[in-house]
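Inspection log for the structure reproduced underneath, given as structure tokens.
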Amino acid sequence: MTTTTQPRLTDEQVRFFREEGYLAYRQPVFTPAKFEGLKNYFEQLLASLPADVRPESMDLPHYSYPELFKWLFDDEVLDLVEPVLGPDIALFSSHFICKPKGNGKRVPWHEDSNYWMSMLDPMEVCTVWLAIDPSTRENGCMQVIPHTHNTGRRGFSDYDWVDGTKNVFGNEIIKSQRDESKAVALELEPNQASLHDGRIIHGSAPNTSNIRRCGYTMRYISTRARYNHEKHGEYHGIFLARGQDRAGNQYLDPANVDPGILQRRSWHGKMGH
């Protein structure tokens, strides 16, 4: 858990991220060998899914498959988020979101922070969205609405219900609190990534193309943020990735995750994010 002296983002890129709420990083995140290793590992996980489980729902796979920490704690990823979060970094969550070709579900307009209310103080999360497949407008790439992390409702909008059979989850920011005309499509090649603030409004269209669209979301926080383990620790935990704790947080051991934590998540209705 060493700290790099060579961050991968320029000062201008950090300024852009802070002002706009997102950043497209159109360079390779991992070395080719590391990326192929992750992609192959994902393909194995995807192939093992039960037939009745949608591939969009592969939430928190690192709880069940600790091999993923090899990539989640890799310097090539942490060096991307350190310029944003500082040298003391914790892994908050991860999620493979895979939209199959032809019938991949839509992701409604939302803020990640809406699902994490009372979990973090301050609400400062940097998500690295790593493209496993090409991610384009045609197959439903992620879109963001710039500046919404620090304007308007600042990560805590009001929501309406939507059809859960057509959407990855069943609620969406009300139309009066989002301006889709300002959305930016984050098209990426495999092994490229986007970074986004947990409070920004984002979503994606369904995948009706003949090309699968998969990404791996790796979510990080500064250890200066206080995680409410007392309220949420039964079904969610964080992991120290780099540096040291700064807020008195409790951390899970990557080599010894309680196998019952995912069952308790389902009991609490925590599916996704």
Side-chain angles (χ1 to χ4, degrees), residues 16-24 54-59 92-93 95-129 131 133-188 193-209 211-217 219 268-273:
F16 185 94
F17 177 87
R18 296 195 189 286
E19 292 172 5
E20 304 291 326
Y22 75 97
L23 177 72
R54 291 285 307 189
E56 294 96 342
S57 63
M58 300 171 69
D59 191 32
F92 182 69
S93 69
H95 182 187
F96 284 114
I97 179 163
C98 181
K99 294 184 182 181
K101 61 183 181 181
N103 70 344
K105 288 187 176 183
R106 174 179 179 265
V107 177
W109 293 105
H110 69 286
E111 305 124 328
D112 299 334
S113 50
N114 174 69
Y115 301 93
W116 303 330
M117 286 187 287
S118 80
M119 294 182 80
L120 293 170
D121 184 21
M123 183 61 69
E124 295 176 358
V125 183
C126 179
T127 293
V128 179
W129 198 103
D133 301 323
S135 186
T136 67
R137 288 176 174 85
E138 288 70 28
N139 67 357
C141 69
M142 184 168 68
Q143 300 185 56
V144 298
I145 303 180
H147 305 290
T148 49
H149 66 305
N150 57 17
T151 60
R153 302 302 294 264
R154 300 175 183 267
F156 300 99
S157 297
D158 297 315
Y159 285 71
D160 280 333
W161 295 108
V162 294
D163 185 351
T165 66
K166 298 178 181 178
N167 294 272
V168 172
F169 38 84
N171 55 6
E172 181 169 45
I173 295 171
I174 62 175
K175 289 185 177 181
S176 63
Q177 293 177 12
R178 66 180 200 259
D179 185 352
E180 298 172 37
S181 70
K182 295 180 179 178
V184 175
L186 297 177
E187 296 189 295
L188 301 168
S194 62
L195 281 65
H196 67 265
D197 187 295
R199 297 165 294 180
I200 198 170
I201 294 175
H202 59 292
S204 61
N207 181 11
T208 58
S209 78
I211 301 173
R212 188 187 73 178
R213 194 226 70 172
C214 176
Y216 190 28
T217 62
R219 308 184 192 277
H268 285 268
K270 299 295 182 180
M271 303 301 291
H273 287 87

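Everything numeric here is computed off the predicted structure, so don't read it as measured data.
Taking 4.5 Å as the limit, every side-chain heavy atom of Thr165 sits out of range of all side-chain heavy atoms of Lys105. Side-chain contact between Leu120 and Phe92 is present, with heavy atoms from C-beta onward closer than 4.5 Å. Annotation: side chain of Arg212 is not in contact with side chain of Pro55 (no heavy-atom distance under 4.5 Å). You'll find the side chain of Ser194 reaches within 4.5 Å of the side chain of Leu188, heavy atoms only. Contact of the Arg178 side chain with the Ser157 side chain is not registered, since no non-hydrogen atoms from C-beta on lie closer than 4.5 Å. Residues Thr127 and Asp112 are in side-chain contact: their nearest non-hydrogen atoms beyond the backbone lie under 4.5 Å apart. Contact of the Phe169 side chain with the Val107 side chain is registered, since non-hydrogen atoms from C-beta on lie closer than 4.5 Å.
Looking at Asp133, its side chain does come within 3.5 Å of a backbone N or O of Cys214 through a donor-acceptor pair. At distances below 3.5 Å, at least one donor-acceptor pair connects side-chain atoms of Asn139 with backbone N or O atoms of Pro134. In terms of modelled atom types and a separation under 3.5 Å, the side chain of Glu56 and the main chain of Gly104 share no donor-acceptor contact.
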(Q) Under the criterion side chain to side chain contact (heavy atoms under 4.5 Å, CB included), I'd like the reasoning laid out for Tyr159 against Glu111: C-alpha separation, chi angles, the key distance, then a yes or no. (A) CA-CA 10 Å; Tyr159 285 71; Glu111 305 124 328; 2.7 Å; yes
Q | Worked verdict on Arg153 versus Ile173 for side chain to side chain contact (heavy atoms under 4.5 Å, CB included) | A | CA-CA 11 Å; Arg153 302 302 294 264; Ile173 295 171; over 6 Å; no
(Q) Walk me through whether Lys101 and Ile211 qualify under side chain to side chain contact (heavy atoms under 4.5 Å, CB included). (A) CA-CA 5 Å; Lys101 61 183 181 181; Ile211 301 173; 5.6 Å; no
**Q.** Chi angles and distances behind the side chain to side chain contact (heavy atoms under 4.5 Å, CB included) call for Glu19, His149
**A.** CA-CA 9 Å; Glu19 292 172 5; His149 66 305; over 6 Å; no
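Note that NZ of Lys166 is 11.0 Å distant from CZ of Arg106, once rounded to the nearest 0.5 Å. For the atom pair His196 NE2 and Leu186 CG, the distance stands at 9.5 Å (nearest 0.5 Å). Separating the CZ atom in Phe17 from the CD1 atom in Ile200 is a distance of 8.0 Å, to the nearest 0.5 Å. To the nearest 0.5 Å, atom OG1 of residue Thr151 and atom CD1 of residue Ile201 are 7.5 Å apart.
The shortest non-hydrogen separation linking Leu195 to Cys126 is CD2-SG, 3.9 Å. Across Ser135 and Cys141, no two heavy atoms sit closer than the pair OG-CB, 3.2 Å. Shown here for His95 and Tyr216, the closest heavy-atom pair between the two residues is O-CD1, 3.5 Å. Nearest heavy-atom pair, Ala185 versus Gln143, reported as atom, atom and distance to 0.1 Å: CA-CG, 3.9 Å. When all heavy atoms are compared, the tightest approach of Ser204 to Lys99 is OG-NZ, 2.6 Å. Looking at every heavy atom in both residues, Phe156 comes nearest to Ser113 through CE2-O, 3.6 Å.
The aromatic ring centres of Tyr22 and His202 sit 6.0 Å or more apart.
No hydrogens or angles considered: a donor-acceptor pair under 3.5 Å links the side chains of His147 and Glu20. With hydrogens and angles left out, the side-chain atoms of Thr148 and Lys182 include no donor and acceptor closer than 3.5 Å.
Residues Asp160 and Lys175 are not paired through a salt bridge, judged by the lack of any N-O separation under 4.0 Å between the basic side chain and the carboxylate.
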